[in-house]
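By convention in this document, chain letters (A, B, ...) are assigned in the order of the sequence lines, proteins followed by strands, and residues within each chain are numbered from 1.
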Number of protein chains: 2
Amino acid sequence: VKRKSLEGSPCAIARALDTIGDWWTLLILRDAFEGIARFNEFQKSLAIPKNILSVRLKALVEREIFAVTPASDGSSYQEYVLTDLGKDLFHVMVALRQWGERNLFDEGEVPNATLVDRARGRPVAALQLLADNGKALELDDTLVAYSK
Amino acid sequence: VKRKSLEGSPCAIARALDTIGDWWTLLILRDAFEGIARFNEFQKSLAIPKNILSVRLKALVEREIFAVTPASDGSSYQEYVLTDLGKDLFHVMVALRQWGERNLFDEGEVPNATLVDRARGRPVAALQLLADNGKALELDDTLVAYSK
């Protein structure tokens, strides 16, 4: 099914999804945040068909989420590295990870990886949403206010 | 392309994406967080083919993200309302919204909606990731630590 582009949508979530809200793209980004950078590494990690991976990587470069750089080890490979725009998706990845951790593992079952504070090796706390006066906000404390 | 299910993946992000990481599903959830609850409302908002909407809603109910309830106005319509598991996706939605707001609008262009602190009507602050000692963490302050 051909999708309508949401690039021009006035909704910030729709625009975000238009840019990265695709099944494979989100998985590619997950891998990128865990340090994967080369075509064959993505391919192996995701068991993704090469043509699909190629199209997705090209789109991520066009959208300036990834930049293409020479391999960090001096070999002839290209690497796909997160730009500042890409790195700014960090909280999206953390939110997905924390929701999964809280809800999608049985008792006694442990995820294969934990996001830790690099300096201390301790797991990070849950993301927090605060009001502009510093008060913690839950869903019911918020409202989507539409422009007039 | 048939996708491999990631339901049994040891990665929390992969499991989260397996549950909600689908283009239409993420848009349906966006609508649900903005108060949309009925089949025809989703259909109108998203211009989504009815058969696709039907399959996605059914999956969201099976996965206990949505519960089906009688219409809140006493009419014969059914409503799809977020369960506690669904509501727990709040930070995923906020992270997508804030990334879109920060990066995908031109100067002078304004999103159609703002997430505000209900009590005060003021826009919320950016999501924060903290260490367990309360220190603010940026991407480079963190590390994905794999279990041995």
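Both the backbone and the side chain of A/Val92 come within less than 4.5 Å of a heavy atom of chain B. Heavy atoms closer than 4.5 Å to chain B are found in the side chain of A/Thr19, but not in its backbone. Of the atoms belonging to B/Gln98, it is side-chain heavy atoms, and not backbone ones, that fall under 4.5 Å from chain A. For chain B, the nearby part of A/Glu109 is the side chain; its heavy atoms alone come within less than 4.5 Å. Only the side chain of A/Phe90 comes within contact range of chain B, with at least one heavy atom under 4.5 Å from a heavy atom of that chain. Proximity to chain B (any heavy atom under 4.5 Å) is shown, for A/Ile48, by neither the backbone nor the side chain.
Residue pairs meeting the salt bridge (charged side-chain N to carboxylate O under 4.0 Å, His left out) criterion with at least one member in residues 41-56 of chain A, sequence neighbours excluded: A/Asp22-A/Arg56.
Between A/Leu137 and B/Val124, some side-chain heavy-atom pair lies under the 4.5 Å cut-off. For the pair B/Leu104 and A/Asp18, the minimum side-chain heavy-atom distance is 4.5 Å or more. Side chains of A/Ile20 and B/Leu96 form a contact here, defined as non-hydrogen atoms less than 4.5 Å apart.
At a threshold of 4.0 Å, the pair A/Asp140-B/Arg118 does not count as salt-bridged, since none of the basic side-chain nitrogens sits closer than that to a carboxylate oxygen. Using a cutoff of 4.0 Å between basic side-chain nitrogens and carboxylate oxygens, A/Asp117 and B/Lys135 are not scored as salt-bridged.
Heavy-atom minimum distance, B/Ala12 versus A/Glu101: CB-CG, 3.6 Å.
By a heavy-atom distance cut of under 4.5 Å, B/Arg30, B/Phe33, B/Glu34 are the residues of residues 29-39 of chain B near chain A, going up by number.
A search for side chain to side chain donor-acceptor pair (under 3.5 Å) contacts involving B/Asp141 returns nothing, not counting sequence neighbours.
Side-chain N or O atoms of B/Trp99 include one that pairs as donor or acceptor with a backbone N or O of A/Leu85 at under 3.5 Å. In this structure, B/Ser147 contributes its side chain and A/Asn112 its backbone to a donor-acceptor pair below 3.5 Å.
Top candidate by heavy-atom pairs under 4.5 Å with chain B, chosen from A/Ala125, A/Pro123, A/Gly100, is A/Ala125.
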Give every donor-acceptor pair under 3.5 Å between a side-chain atom in residues 65-72 of chain B and any protein atom, sequence neighbours left out.
from, atom 1, to, atom 2, distance (Å)
B/Ser72, OG, B/Glu79, OE1, 3.3
B/Ser72, OG, B/Glu79, OE2, 3.2

